[in-house]
Amino acid sequence: MTIVLKFGGTSVADAAHIREVARIVRARLDRKPAVVVSAHSGVTDQLDRMAREAVTGNVSIAPLAERHFTVLRELGLSTDIAKPLLEQLDALLRGIALVRELSPRTLDHVHSFGERLSCRTVAAHFCAVGVDAFAIDAFDAGLTTDSNYGRARPLPEAEQQIAKTLKPRKGVAVITGYIGRDSEGYVTTLGRNGSDYSGAIFGNALDAEEIQIWTDVDGVMTADPRVVPQARSIPVMTYEEAGELAYYGGKVLHPATIQPAVAKTIPVRVLNTRRPESQGTLIVQSVAEEPAPVTSITSRRGVALMNVQSMRMLDQSGFMARLFDTFGRHEIVIDHIATSEVSVTLSTFGNADLEPVARELSSIAEVTVERNKSAVSIVGRGMRQHGDVVHRALATLHGEKIDPQLITRSALRTSLSLILEESEATPAVRALHREFFKA
Ligand code: ADP
Ligand code: ASP
Ligand code: MG
């Protein structure tokens with residue numbers, strides 16, 4: 001029996017938060033906790049800036065070092081804990097400054113220092129307050145990944161390696177989130193916000209009875225509380241809903257988090273470090289209670305729309321295959337799609353470089369690209385029973401004078417996505433929240 005607790009950046013932001021983390025872990029020692037930690041909040045962004053600065057020849061690790069020293073001092077710990085890693089980071093940045101080049105592989109290496117530093121601080125604090133603990137980098141704990149720098153995925157053997165390394169060890173393992181190592185020995189990262197995913201990977205490998213994601217809000221909410229202050233915590237939801245919500249932009253969970261949990265049907269609980277007593281959100285395979293029409297509303301910025309128009313589509317077999325093949329070869333992930341007799345409209349996340357795709361397709365179709373769109377998604381298993389969600393959503397947007405450009409509903413009827421202007425996303429989410437949650 002074990003549980004995995006993952007603490008996000010704000011949960012380990014400073015000495016006061018780390019003390020709270022120790023209290024939370026201590027209260028759960030009977031459940032044999034393993035802990036996965038993020039970097040102190042803002043540190044990964046800072047490392048990212050430092051790496052890019054280094055390309056221009058500027059290296060200064062002093063502010064980052066000071067941030068870590070301050071946390072250590074406030075916890076009454078020696079700054080020597082951080083020094084070896086800070087020296088390595090300094091040498092790495094000087095190397096970048098020398099060659100004036102930053103490859104995705106090197107960027108992952110730079111990014112990895114945040115988690116490696118914070119995990120040592122957290123483990124040292126646990127020991128200082130009498131909780132037997134040790135710090136371990138995820139790659140030393142068996143997390144090997146492929147070599148997709150910036151979005152690496154665990155190799156099949158990782159699960160067994162992790163179990164073999166960690167299960168026999170005594171004390172609380174404090175493991176780095178976000179990072180791994182490929183089979184050639186290079187450090188990789190699982191993508192920004194990837195520590196949730198690490199939590200689930202370790203939960204799966206250790207056969208945890210529960211994976212707890214500790215963050216700065218009372219669980220998964222009916223909308224991002226920064227957008228809708230009246231948003232409420234959702235007591236229980238399904239893996240399917242959580243997966244859709246994460247994918248469509250609910251930052252509270254990394255989109256890949258749910259996979260390792262689903263693989264072994266491990267419950268995931270999202271909890272608030274600042275209010276450990278609040279019940280948070282339980283995410284499970286199935287929920288018996290009658291669902292509300294909508295579980296949560298989310299939005300995602302930076303969406304691009306591509307419209308592919310061709311008279312030749314008419315009656316042609318293989319047109320779609322050609323279209324998808326082009327996207328596939330250019331590694332562009334298609335998100336939403338709508339078709340008519342003469343056109344296909346596709347949306348993709350993250351303002352990807354669509355020019356090469358557009359150029360290639362221009363020989364068979366007329367292609368236009370529009371950027372700065374948002375995808376607003378309504379997620380809920382209750383949409384299956386409540387047939388009027390689409391109608392209510394569109395009527396609500398109409399009332400706000402918002403006319404979505406692309407509308408898609410999953411065949412499973414658990415999500416409805418609307419692509420609209422970026423500037424319309426916040427008013428749309430607020431209006432939809434009022435409609436479906438009366439708040
Ligand atoms: P952590 O550092 O703990 O991983 P994140 O910042 O990645 O935390 O995620 C937590 C944040 O996600 C919250 O502060 C909240 O603003 C945002 N968020 C977005 N959508 C939701 C949602 N549906 N429910 C809860 N939080 C959400
Ligand atoms: N520190 C990493 C990031 O900021 C990973 C995480 O916090 O989940 O993206
Ligand atoms: Mg996060």
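Since this is a predicted model, take the numbers as computed values, not measurements. In this chain, numbering begins with 1 at the start of the sequence shown. Scope of the values below: all heavy atoms of this structure, side chains included, with no hydrogens, waters or symmetry mates. Whatever order the structure lists ligands and atoms in, that order sets their numbers, starting from 1.
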>> Can you tell me if, anywhere in Ser195, an N/O/S atom lies at a distance from the Mg ion (ligand 3) that is smaller than 2.8 Å?
In response: no

> Backbone or side chain, does any N or O of Asp196 fall under 3.5 Å from an N or O of ligand 2?
Replying inline: no

>> Looking at ligand 1, is there an atom of it that comes within less than 4.0 Å of some heavy atom belonging to Ser38?
In response: no

>> Heavy atoms only, cut-off 4.0 Å: how does Val217 contact ligand 1, side chain, backbone, both, or neither?
In response: side chain

>> Less than 6.0 angstrom separating the ring centers of His68 and Phe113, yes or no?
In response: no

> Mind checking whether Arg192 has a heavy atom under 4.0 Å from ligand 1?
Replying inline: no

> In the protein, which heavy atom is nearest to atom 21 (C) of ligand 1, and how far is it?
Replying inline: Asp224 CA, 3.7 Å

> With a 4.5 Å limit on heavy-atom distance, are the side chains of His40 and Val43 in contact?
Replying inline: yes

> Short list, please: which atoms of ligand 1 are under 4.0 Å from a heavy atom of Lys6?
Replying inline: 4 (O)

> Hey, is Thr298 one of the residues with a heavy atom under 4.0 angstrom from ligand 1?
Replying inline: no

> Salt bridge between Lys264 and Glu209, side-chain N to carboxylate O under 4.0 Å?
Replying inline: no

>> Whether Asp207 and Lys167 form a salt bridge (side-chain N of Lys/Arg under 4.0 Å from carboxylate O of Asp/Glu) is what I want to check.
In response: yes

> What atoms of ligand 1 come within less than 4.0 Å of a heavy atom belonging to Val220?
Replying inline: 24 (N)

> Can you list the atoms of ligand 1 that are under 4.0 Å from a heavy atom of Asp216?
Replying inline: 10 (C), 11 (C), 13 (C), 14 (O)

> Going by heavy atoms, is Gly194 under 4.0 Å from ligand 2?
Replying inline: yes

>> With respect to Thr215, determine whether any N or O atom, backbone or side chain, lies less than 3.5 Å from an N or O atom of ligand 1.
In response: yes

>> Within ligand 2, which atoms have a heavy atom of Ser38 less than 4.0 Å away?
In response: 6 (C), 7 (O), 8 (O)

>> Strictly below 4.0 Å, N to O, side chains only: are Glu244 and Arg409 in salt-bridge contact?
In response: no

>> For atom 12 (O) of ligand 1, what's the nearest protein heavy-atom neighbour? Residue, atom name and distance, please.
In response: Val252 N, 3.5 Å

> Ring centres of Tyr186 and Phe139 under 6.0 Å apart?
Replying inline: no

> Can you tell me the protein heavy atom closest to atom 6 (O) of ligand 1 and the distance?
Replying inline: Lys251 NZ, 2.9 Å

> Is it true that Lys401 and Glu424 make a salt bridge, defined as a side-chain N closer than 4.0 Å to a carboxylate O?
Replying inline: no

> Under 4.0 angstrom from ligand 1, any heavy atom of Gly219?
Replying inline: yes

> Under the 3.5 angstrom rule, does the side chain of Ser118 hit a backbone N or O of Ser38 as a donor-acceptor pair?
Replying inline: yes

>> So if I count the atoms of ligand 2 from 1 in the order they appear, which ones are less than 4.0 Å from some heavy atom of Arg192?
In response: 3 (C), 4 (O), 9 (O)

> Atom CD of Gln405 and atom CD of Glu370: how far apart are they, to the nearest 0.5 Å?
Replying inline: 4.5 Å

>> Please list the nearest protein heavy atom to atom 6 (C) of ligand 2 with its residue and the distance rounded to 0.1 Å.
In response: Ser195 OG, 3.3 Å

>> Against ligand 1, does Pro225 come closer than 4.0 Å with any heavy atom?
In response: yes

> If you measure from the Lys or Arg side-chain nitrogens to the Asp or Glu carboxylate oxygens, is any gap between Lys373 and Glu421 under 4.0 Å?
Replying inline: yes

> Any non-hydrogen atom of Glu115 lying under 4.0 Å from ligand 2?
Replying inline: yes

> Leu271 versus Ile213: any side-chain heavy-atom pair under 4.5 Å?
Replying inline: no

>> Using a plain distance cutoff, I'd like to know if Asn193 has any nitrogen or oxygen under 3.5 Å from a nitrogen or oxygen of ligand 1.
In response: yes

> Can you find an N or O of Lys6 that's nearer than 3.5 Å to an N or O of ligand 2?
Replying inline: no

For a quick test of your reading: what N or O donor-acceptor pairs under 3.5 Å do the side chains of residues 2-16 make, sequence neighbours left out?
unit_1	atom_1	unit_2	atom_2	d
Thr2	OG1	Lys32	O	2.4
Lys6	NZ	Asp196	OD1	2.6
Ser11	OG	Trp214	O	3.3
Ser11	OG	Thr273	OG1	2.7
Asp14	OD1	Ala16	N	3.4
Asp14	OD1	His17	N	3.0
Asp14	OD1	His17	ND1	2.8

>> Taking 4.0 angstrom as the limit and counting only heavy atoms of Arg226, give me the atoms of ligand 1 inside it, by number and element.
In response: 15 (C), 16 (O), 17 (C)

> Does any N or O atom in Met221 lie less than 3.5 angstrom from one in ligand 1, N or O only?
Replying inline: yes

>> Nearest 0.5 angstrom please: Thr176 OG1 to Leu143 CG, how far?
In response: 8.0 Å

> Should Gly9 be counted as touching ligand 1, given the test is an N or O pair under 3.5 Å?
Replying inline: yes

>> Could you check whether Arg120 pairs with Asp137 (Lys NZ or Arg NE/NH1/NH2 to Asp/Glu carboxylate O, under 4.0 Å)?
In response: yes

> ligand 1 and Thr222, any nitrogen or oxygen pair closer than 3.5 angstrom?
Replying inline: no

>> Please determine whether ring-ring contact (aromatic ring centres under 6.0 Å, His included) holds for the pair Tyr197 and Phe202, giving the CA-CA distance in whole Å, both sets of side-chain angles, and the decisive distance to 0.1 Å.
In response: CA-CA 9 Å; Tyr197 188 26; Phe202 282 98; over 10 Å; no

